[in-house]
Amino acid sequence: LAWYRGTEAGMDLANSSQAYRLISAQLVTTLIAALLLIFLGWVHVWSGLVGGMIATLTNAVFAARVFVRYRAQDPTRLLGRFYGAELIKLALTALLFAGVFIWLEPLSPGALFGVFLLVQITPMLVVHAWD
């Protein structure tokens, strides 16, 4: 996610309200993309919805782990929090995709991964639109 924004002084950690606005934008993108897939059939809609929700959910978990109270005097703990949150996000993503491939049938891999990738790039597009 685009958790950083550039300033003249360097890079600042974006606040939690901006992070949750990005998560909301990802949820809206998921729903719109899934609805647009209705012309291809319900399998595509369901697969796209699941792919988008995997991206949105894992990014929400990341945001929840990073934007909890912390002491600014200890930047190594903040860095550790980022790394830990990213590892949790990757593991959760792998588990959710594994579950989808095991239990979701029929499945459209193109819709699943297409909407997943679209939702993953949504923060970059939204942040540039907000500036």
Side-chain angles (χ1 to χ4, degrees):
L1 285 174
W3 300 115
Y4 291 95
R5 57 184 165 85
T7 64
E8 295 80 24
M11 302 300 280
D12 290 330
L13 184 64
N15 62 27
S16 61
S17 65
Q18 182 181 7
Y20 292 113
R21 283 183 16 201
L22 290 172
I23 298 298
S24 297
Q26 288 182 315
L27 182 59
V28 169
T29 301
T30 296
L31 296 174
I32 291 172
L35 285 175
L36 291 175
L37 289 171
I38 200 160
F39 297 109
L40 299 175
W42 287 105
V43 172
H44 292 84
V45 171
W46 180 248
S47 299
L49 184 63
V50 168
M53 289 307 294
I54 288 173
T56 303
L57 175 68
T58 56
N59 285 323
V61 168
F62 178 89
R65 294 282 302 166
V66 169
F67 291 107
V68 293
R69 294 179 187 241
Y70 66 91
R71 296 188 59 113
Q73 292 89 358
D74 194 2
T76 56
R77 286 191 63 176
L78 178 61
L79 182 62
R81 185 173 304 207
F82 267 94
Y83 282 130
E86 189 62 31
L87 287 174
I88 290 169
K89 177 182 158 185
L90 290 172
L92 183 59
T93 301
L95 287 171
L96 290 172
F97 272 119
V100 165
F101 283 112
I102 291 169
W103 290 302
L104 187 63
E105 211 175 288
L107 178 68
S108 170
L112 177 78
F113 288 116
V115 177
F116 176 82
L117 292 173
L118 175 66
V119 171
Q120 288 289 46
I121 66 168
T122 297
M124 290 187 307
L125 303 173
V126 171
V127 167
H128 289 297
W130 287 341
D131 288 340

Supply the atom-to-atom distance Leu87 CG to Leu92 CG, rounded to the nearest 0.5 angstrom.
12.5 Å
Looking at His44 and Ala111, what are the two nearest heavy atoms and their distance?
O-CB, 3.5 Å
Pairing residues for Thr56 by the side-chain hydrogen bond (donor to acceptor under 3.5 Å, both in side chains) criterion, not counting sequence neighbours:
Thr30
Pick out which of Thr29, Leu117, Leu22, Val28 makes a side chain to side chain contact (heavy atoms under 4.5 Å, CB included) with Thr122.
Thr29
Quick one: are Ile23 and Leu27 in side-chain contact, heavy atoms under 4.5 Å?
no
Applying a strict under-4.5 Å side-chain criterion to I, L, V, M, F, W and Y, I'd like to know whether Phe39 and Val45 cluster together.
yes
Specify the closest pair of heavy atoms between Ala33 and Leu118, including all atoms of both residues, with the distance to one decimal.
CB-CD2, 3.9 Å
Close side-chain approach of Phe116 and Thr93, heavy atoms under 4.5 Å:
yes
Quick one: does Met53's side chain get under 4.5 Å of Val115's, heavy atoms only?
no
So, for Ile54 and Thr58, which heavy atoms are closest and what is the spacing to 0.1 Å?
O-OG1, 2.9 Å
With heavy-atom distances below 4.5 Å as the criterion, would you say the side chains of Val50 and Leu104 are in contact?
yes
With no hydrogens and no angle check, is any side-chain donor or acceptor of Ser47 less than 3.5 Å from a backbone partner on Ser108?
yes
Are Gln120 and Asn59 side-chain neighbours, meaning at least one heavy-atom pair lies under 4.5 Å?
yes
Looking only at non-hydrogen atoms, find the nearest pair between Ala85 and Val66 and report the distance.
CB-CG2, 3.7 Å
Rounded to the nearest 0.5 Å, how far does CZ of Phe62 lie from CG of Leu57?
14.0 Å
Nearest heavy-atom contact between Arg81 and Arg65 is CD-O, 3.1 Å
Same cluster (ILVMFWY, side-chain, under 4.5 Å), Leu95 and Leu107
no
Smallest separation among heavy atoms of Val61 and Ile88, with atom names
CG1-CG2, 4.0 Å
For Tyr83, the hydrophobic cluster (side chain heavy atoms closer than 4.5 Å, chained through members) also holds Leu79
For a 4.5 angstrom cut-off between non-hydrogen side-chain atoms, does Trp42 reach Leu37?
no
